[in-house]
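Below: the structure, in structure tokens.
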Amino acid sequence: MLFLLLLVLPGSSNGQIDPAHCRYPLGMQDGRIKDSDITASSQWYESTGPQYARLEREEGDGAWCPAGLLQPSDVQFLQVDLGRLVFLTVVGTQGRHARGNGKEFARTYRLEYSRDGQLWVSWRSRAGAKVIEGNNNPYDSVIKDLHPPIIARHLRIIPVTRVQTTVCMRVELYGCAWNDGLTAYSSPEGQVMAAPGYPIAYLNDSTYDGYLERRWVFGGLGQLTDGLIGQDDFLQTHQYRMWPGYDYVGWRNGSMGLGYVEMEFTFDRQRNFTSMKVHCNNMFSRGVKIFSEVSCQFKLQLISDWESRPAQFYPVLDDRNPSARFVTVPLDGRGGKALRCRFSFADTWMMISEISFQSDMVNPLVVPINTQLPSGVSTSSPGPEPSTPTPQPGLTHVLSQSPTPFSAETTPTEKDHHDDESTSALIGCLVTIILLLLVIIFLILWCQYVCKVMEKGPRRILDEDVTVRLSSCSDTIVIQTPHAEPSCPEGDPPYERVYLLDPQYRDPSALRHALPELSQSAEDSVCSGDYAEPDLTQGTPHQCFHSSVEHYAETDIVSLQGVTGSNMYAVPALTIDSLTRKDISVAEFPQQRLLFREKLGEGQFGEVHLCEAEGLAEFLEGGIPILERDGRPVLVAVKQLRADATKNARNDFLKEIKIMSRLNDPNIIRLLCVCVTSDPLCMVTEYMENGDLNMFLSQREVESTLTHANNIPSVSMRDLLHMATQISSGMRYLASLNFVHRDLATRNCLVDRRLTIKIADFGMSRNLYSSDYYRIQGRAVLPIRWMAWESILLGKFTTASDVWAFGVTLWEVFTLCKEQPYSLLTDEQVIENTGEFFRNQGRQIFLSPPPLCPPSLFEVMLRCWSRDTKDRPPFHRLYQALREHTA
Ligand code: ADE
């Protein structure tokens, strides 16, 4: 049973809500939200009342329409009572189609929400915008993610118009139950950390929806409950275009004259608290540590006094591991409706990115949903407090502990307090829950069955229609008719790739016709093809890297049901191969001479550390000019394989070493030495003081009198061109070796203190920049916004697809990485746009010219995004063109 419950209750990592998984329809479409809970400010006719505002339903006259023509100054709203507090992550809207008779829709709308039905707050995006793009026609539903999410029980959807018009709407809301029950927290305002040599970190709670008075925030929720946890380095952030420190709320020791920070938490009802999880930063090298002590007091009702006996906890302080972490504070099952916790500083700074509570509801069946305003807000008198706590463990635990998919909750009225009635209500509820569980179990099993069938179905179709085989003996891609065998020497197993485009291209002859370059793919083979370039290796034997075979020899086929119809996309997976020490052409360095300084990042393989390498210059016998010998310690970046790494990961790590050990170019990150004779395996590369190019540029502005006058970190246009030229030079070198990078982007370029750029590909970037990668059913990550159409649709990675990615990288450089490519498109829309690139009927959306970029340079980018690979410029030409621009 427990196992089944775990299956049913999704997305609860670390006891807090994961916004990426909390996306369940809340019941507009399927009717779980009752008509009586959907109201509106007005309606045009009976037949366009609020009860008809259900997405994808066609009842009444097909939608809710407010009365009369909507004027720009009008506030007409559709209001939904969700029956309990909900963590709302997505809104879907649709116009009135009425089976072809309707034509009204809302192009834009805004949201207001309330936790108690009395105090309403306007939603704003992280960038401060209130208005959300809605529909462009009456029939398509448009889904919008809410960043930040909303925690509320009541929601108003308010159509917005710039001209007088008729609007009609249908909606669905998506999210999950907010079982924490927290309705407000209050704390001192977060502060600003400014230190010489570092970017300024703004550690305020920028999405807080309550009040700020005398440096104290109260009556609201914000970043501490948005489900996003901060990075190890508090200067880095998960959010695009957000400032350093964005993910954390932080305070300086003593700044309020105190050695602690006090926070108050108010809940929807009385609860018995098991624990509190606090996600804290611990970057001790910058004076940040988790708290040294926390002491929490409770009160049963908002009007009562704090109980004198606190729950106290002393976490183990850690000044060896700088990783951010969850600290779980046991709360011993203490009961209360409010908590006051005092967090004591262990160092100069304390930074928190998330707080969640694990609790059992007290008497959940008879206590009404919160009718209470948060403390400090006095626009209404508090509702009745629940009677003495009566914990009902088993049942309430399930209802309150995990972020469950939302289901409307029935709440008997408070008048029914007779024992008999509550007993029968309890039994009724138990029976309902058991029935619901059975239905859910049935649905899961059915779903699993259907998924299996669907997974098999397309495979079968694919196998019959077209199979693309990639032989491991060369980098050759050949389309084969069914049952033909790949030609490959014995003992060298062929790896099969199966690709599929739109259903219209499932026929192999159509595919050959539509993609003439594929029928020539035999010519693309080993070390030849469009991109044969001068050998720039100066003495290095002209070497051919079959990187697409070595890295992505096998392909999983994953269907994106419901996203782009039944299209399938090629997803590379890694293979195992054996490698020996002799394959690695750099020296083994004694591991004990690597002295840890700080953590630089973390990735799929493990962590990257900044280390001092004792005696490395002597060890390498002067073979490497970049190391200084002026007595200063030699700093290096050390990538370490995780202790619990799988055999596959170990193999991939060794393969990366093998590849890197053979690269030798001023614009490619240099592998200096390795530690592979004992665990943990390490690769040691030169240290690039300015970190990755994305972070570097996003923290700078283009040089101007303003930046000079205000001391704002800046780069000149000349710097940008020089950076672009260096990237093209590094890529020219890789192309000369027929090495396909596959993941060129600013996040994978490193910058040293002299602004030299070196191309790298550290798995760690996948964590830091996870929003740049597209996950398919949680299994694979692809940098789709940088990928050429043929890589997404055909799984074909070549130097030509690297050229496409280079175009996107150029675009990033000239936007100073202030925006993600195609930021207005969702991942699914990016993939749809890829289809348009393939069809080439003028409907594809290109990245727009960056404001700073000379038109001739934007033309270079456009050439990189040519539909036909032969029209894309080779890297040596790109290098020449960029040098001319720099001159
Ligand atoms: N992060 C990952 N690798 C790095 C390097 N070589 N230098 C600086 N930061 C890094």
Side-chain angles (χ1 to χ4, degrees), residues 197-199 231-238 244 283 285-286 322-324 586 589 594-613 616-617 620 624-628 632-642 649 652-653 656-657 659-661 663-675 680-700 723 726-727 730 734 741 743-770 772-773 783 809 817:
Y198 290 100
Q231 310 260 9
D232 291 350
D233 178 353
F234 59 86
L235 292 174
Q236 294 177 351
T237 153
H238 286 293
M283 201 171 170
S285 59
R286 299 282 323 270
S323 301
V586 287
F589 188 72
L594 292 172
L595 310 178
F596 174 85
R597 280 281 194 87
E598 69 181 67
K599 184 167 147 183
L600 294 174
E602 185 166 1
Q604 65 187 89
F605 285 115
E607 293 185 342
V608 182
H609 295 157
L610 171 64
C611 290
E612 194 181 314
L616 181 64
L620 296 171
I624 301 204
I626 48 160
L627 299 176
E628 289 160 39
R632 271 188 284 164
V634 176
L635 293 179
V636 288
V638 178
K639 181 165 155 185
Q640 211 174 52
L641 184 68
R642 261 203 326 263
D652 289 336
F653 192 83
E656 190 176 347
I657 289 182
I659 290 170
M660 284 187 68
S661 72
L663 299 177
N664 179 9
D665 183 84
N667 299 113
I668 301 290
I669 194 79
R670 184 70 181 264
L671 183 69
L672 300 173
C673 53
V674 291
C675 312
L681 304 187
C682 296
M683 58 175 101
V684 181
T685 63
E686 50 193 322
Y687 170 55
M688 305 290 281
E689 295 84 348
N690 272 311
D692 77 67
L693 181 59
N694 189 287
M695 201 57 79
F696 179 81
L697 289 178
S698 62
Q699 290 167 359
R700 279 163 177 76
M723 288 172 178
Q726 293 182 72
I727 301 173
L734 293 183
H741 187 286
D743 197 4
L744 179 62
T746 53
R747 63 181 171 272
N748 286 328
C749 296
L750 295 168
V751 189
D752 76 2
R753 64 177 186 280
R754 300 188 186 104
L755 299 199
T756 308
I757 309 289
K758 303 204 181 206
I759 299 165
D761 179 16
F762 291 95
M764 84 171 198
S765 55
R766 295 185 187 218
N767 263 9
L768 204 56
Y769 296 97
S770 56
D772 290 346
Y773 294 86
T809 308
C817 299

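Since the model is a prediction, treat every value here as computed from it, not as a measurement. Whatever order the structure lists ligands and atoms in, that order sets their numbers, starting from 1. When a residue number appears, it is its place in the shown sequence, counting from 1.
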Q. Can you list the ligand 1 atoms lying under 4.0 Å from a non-hydrogen atom of Tyr687?
A. 7 (N), 8 (C)

Q. Which is it for Glu656 and Lys639 under the salt bridge (charged side-chain N to carboxylate O under 4.0 Å, His left out) test, yes or no, and what are the steps along the way?
A. CA-CA 11 Å; Glu656 190 176 347; Lys639 181 165 155 185; 3.0 Å; yes

Q. Heavy-atom contacts under 4.0 Å between Glu686 and ligand 1: side chain, backbone, both, or neither?
A. backbone

Q: Check each atom of ligand 1 against the heavy atoms of Leu750 and keep those under 4.0 Å away; list them by number with element.
A: 3 (N), 4 (C), 5 (C), 6 (N)

Q.
Applying a heavy-atom cut-off of 4.0 Å, say which part of Asp692 lies close to ligand 1: side chain, backbone, both or neither.
A. neither

Q. In ligand 1, which numbered atoms sit nearer than 4.0 Å to a non-hydrogen atom of Thr685?
A. 6 (N)

Q. Less than 4.0 Å between a side-chain N and a carboxylate O, is that true for Lys599 and Asp232?
A. yes

Q. Looking only at atom types and distance, does a side-chain atom of His609 sit under 3.5 Å from a main-chain N or O of Cys611, one as donor and one as acceptor?
A. no

**Q.** Salt bridge Glu607-Arg642, side-chain N to carboxylate O under 4.0 Å
**A.** no

Q. Is NZ or CZ of Arg286 both nearer than 6.0 Å to the six-membered ring centre of Tyr198 and within 45° of the ring axis?
A. yes

(Q) Is there a polar contact, in the sense of an N or O pair closer than 3.5 Å, between Met688 and ligand 1? (A) yes

